[in-house]
Amino acid sequence: MSDVIRLLPDSVANQIAAGEVVQRPASVIKELVENAVDAGASDIRIVIKDAGKTLIQVIDNGVGMSEIDARMAFERHATSKIKEADDLFKLSTMGFRGEALPSICAISEVEIKTRKAESPMGTRLVIVGSKVTVQEPVVCDVGTSMTVRKIFFNVPARRKFLKSGSVELANIMREFERLALVNNNIRMRIDTGVRSLDLRQASLRLRIEDIWKNNLKSDHLIPVDVDTSLVKIEGFVSRPEFARRRNPLQFLFVNGRNMRHPYFHKAVLSCFDGLIASDTQPNYFLRFTVDPASIDVNIHPTKNEIKFEYEQQIWPILVSAVKTALGKFSAVPSIDFSVDAIPLEPVRDGSRASQPSVSYRGDYNPFSSAGNRTVSPAKDWEKLYDSFLNPEIKKEESFKSDDADLFTSPGETHMGAVCIQFASKYIVTGTREGLVIIDQHRAHVKILYEDYLMRLRKADIVSQSLMFPETLTLDQTQMTALGEVEDELRKMGFTIEYDSGNDWRISSVPAIIKQTDANDVVLRILDSVTVDSANYGKEGDIGSSLTERMASILARSAAIRRGQKLSPTEMESIVGSLFALPDPSLTPNGNPVFVTLDEDRLQKLF
């Protein structure tokens, strides 16, 4: 019997590695820019054509490579960054695995021109599908120019599944933003053919301003700075009043490297508990500096997942640093003693008069105002105030939602069972199958989604002009997305006109969105267009159809929230409308709407 195990050719091994290292054009840019940073470049220029599918070029003024090094750089596991295993625990470079360049040239056509300062001539190589086709001397500037053409040309399945131009461009811009933030001491330029950006060398604060300009201003940020023997943390968090409902800007860096770290992300969010609305998140830009031996960056080929040896000890340091910054810059509610204060007469104790004491009316809430940083007032406060003064108002009416017409006509309660609300989040009712517990927000999303989807598909959309047009401020990525979907938005009832700078005007909206924030709906649509559906999560894209995407976004924006009190009539309407749908069990994003506890399961509980 012949042997069946054989050694794979390097070209095949490189294509396998490319599946992890090179996921899309943005991955190529990340690897090439990090190589330029490691080469000591102070100026990096990126040129993109056809969203990176046709051409990606990264030009730097780093140290360059010799003729032999240029050839060796494309061999698997060839690197100048480490020499032995122990070097993994004292890394000071972005790259070290020696996989990026071989992986890139395995699935594309690569041309490199490079020269060292002491060499009169440079070297030019052309590599197609891991095969060197040209190697010759060339006249070029000091540094390296790397050109990648026809990405995935020999892997048609991967090329077929690349997203639309707007999605790939958005991913490129997001990657560029991350690279520009962590390397703010380097001039970085990008030209996508649609947009261009030239970022000067600057401090982190100025780099943030240069990237987001009108969307995020310097006075929105609070500096964070703490230095301990274990970790140094510096950067910025946003003031609570500038927290975002969608697409928050959240960046973590460690030792000059971008990272994803859910544990530290949760630590930052915990500092804003009680300061921001539950459906918003703060912006933050935080840099960690630790002993390289205390972290492991060799977890995934993309090197974005970092394991910290002392992450549990760093948690309280991070929380303390952020909370101290919020308190130091008065970003927490303060007591305003000048409002509604009613001094009482000094209390006499015998012949000696005590110091005058000051008391306040019982209805004064010192946390209701903090100068200009006020907590958002409750909606329909007039109704709440009326119900407070007139206790005869029915309890059912006081719980009535702002948008009563969001609910369809009340249907019959399922099986005639009584509906009760639990924890202001769930509707509990009974059916033949057993006890049904319904997530009220998801149920309403499902109901509205089916209704909106039907109207959009039938083009049953009435456009409604706004008396006062809303201003829409877009960043570079969102403007690219708007160009992609502007015609579709117009068909759906939106009229969006250019104003000036980064500002646009929304002058008309679909009548079906009623009191929903039109600005927020448009931004959600643009953001969903620019995010890969596979990574978008619970709030993500549900498919390639813009119609389905818009119906989902409209439904999530208009649906009742968890924590909202419902009247018996509203609960009956939701239950009846939900179970009238062909498939009521899942939301558009695949989340369960309700659970059923049958008699057997209930019996086991007892």
Look at the side chain of [X] and the backbone N and O of [Y], then say whether any donor-acceptor pair between them is shorter than 3.5 Å.
X      : Y      : result
Ser108 : Val110 : no
Asp503 : Asp499 : no
Thr228 : Val231 : yes
Thr324 : Ala321 : no
Thr114 : Gly143 : yes
Arg549 : Ile553 : no
Asn184 : Ala180 : no
Asn154 : Ala106 : yes
Ser552 : Glu548 : no
Ser294 : Asp291 : yes

Q: Apply the test side chain to side chain contact (heavy atoms under 4.5 Å, CB included) to residues Leu474 and Leu526: give CA-CA distance (whole Å), side-chain angles for both, the deciding distance (0.1 Å), then the verdict.
A: CA-CA 10 Å; Leu474 305 179; Leu526 297 181; 3.8 Å; yes
Salt-bridged, [X] to [Y], with N to O below 4.0 Å?
X      : Y      : answer
Arg505 : Glu470 : no
Arg257 : Glu34  : no
Asp43  : Arg189 : yes
Asp225 : Lys232 : no

Q.
Please identify which of these residues, Tyr310, Trp315, Phe308, meets the ring pair (Phe, Tyr, Trp, His ring centres under 6.0 Å) condition with Phe264.
A. Phe308
(Q) Please identify which of these residues, Phe236, Tyr284, Trp212, meets the ring pair (Phe, Tyr, Trp, His ring centres under 6.0 Å) condition with Phe251. (A) Trp212
Value rounded to 0.5 Å, distance of [atom1] in [X] from [atom2] in [Y]:
X      : Y      : atom1 : atom2 : result
Glu175 : Glu31  : CD    : CD    : 9.0 Å
Thr471 : Trp504 : OG1   : CH2   : 13.0 Å
Leu162 : Arg24  : CG    : CZ    : 7.5 Å
Ser42  : Asn61  : OG    : CG    : 4.0 Å
Lys49  : Thr147 : NZ    : OG1   : 10.0 Å
Phe329 : Arg239 : CZ    : CZ    : 8.0 Å

[X] atom [atom1]: more than 12 heavy-atom contacts under 6.0 Å:
X      : atom1 : answer
Asp141 : CG    : no
Lys53  : NZ    : yes
Lys150 : NZ    : no

Q) Considering all heavy atoms of both residues, which atom of Lys307 and which atom of Glu311 are nearest to each other, and what is their separation? A) NZ-OE2, 3.8 Å
Under 3.5 Å, is there a donor-acceptor pair between the [X] and [Y] side chains?
X      : Y      : result
Glu241 : His220 : no
Ser203 : Arg207 : no
Arg244 : Gln281 : no

Q | Working for side chain to side chain contact (heavy atoms under 4.5 Å, CB included), residues Asn35 and Leu101 | A | CA-CA 9 Å; Asn35 281 345; Leu101 291 182; 3.8 Å; yes
Q: Evaluate the criterion salt bridge (Lys or Arg N to Asp or Glu O under 4.0 Å) for residue pair Glu486 and Arg490; output intermediate values, then yes/no.
A: CA-CA 6 Å; Glu486 190 171 6; Arg490 188 176 296 109; 3.7 Å; yes
Q: Give the intermediate values and the outcome of salt bridge (Lys or Arg N to Asp or Glu O under 4.0 Å) for residues Arg45 and Asp60.
A: CA-CA 6 Å; Arg45 183 159 64 95; Asp60 70 69; over 6 Å; no
**Q.** Gln135 and Arg124: CA distance, side-chain angles, deciding distance, side chain to side chain donor-acceptor pair (under 3.5 Å) verdict
**A.** CA-CA 6 Å; Gln135 182 170 2; Arg124 174 177 178 263; over 6 Å; no
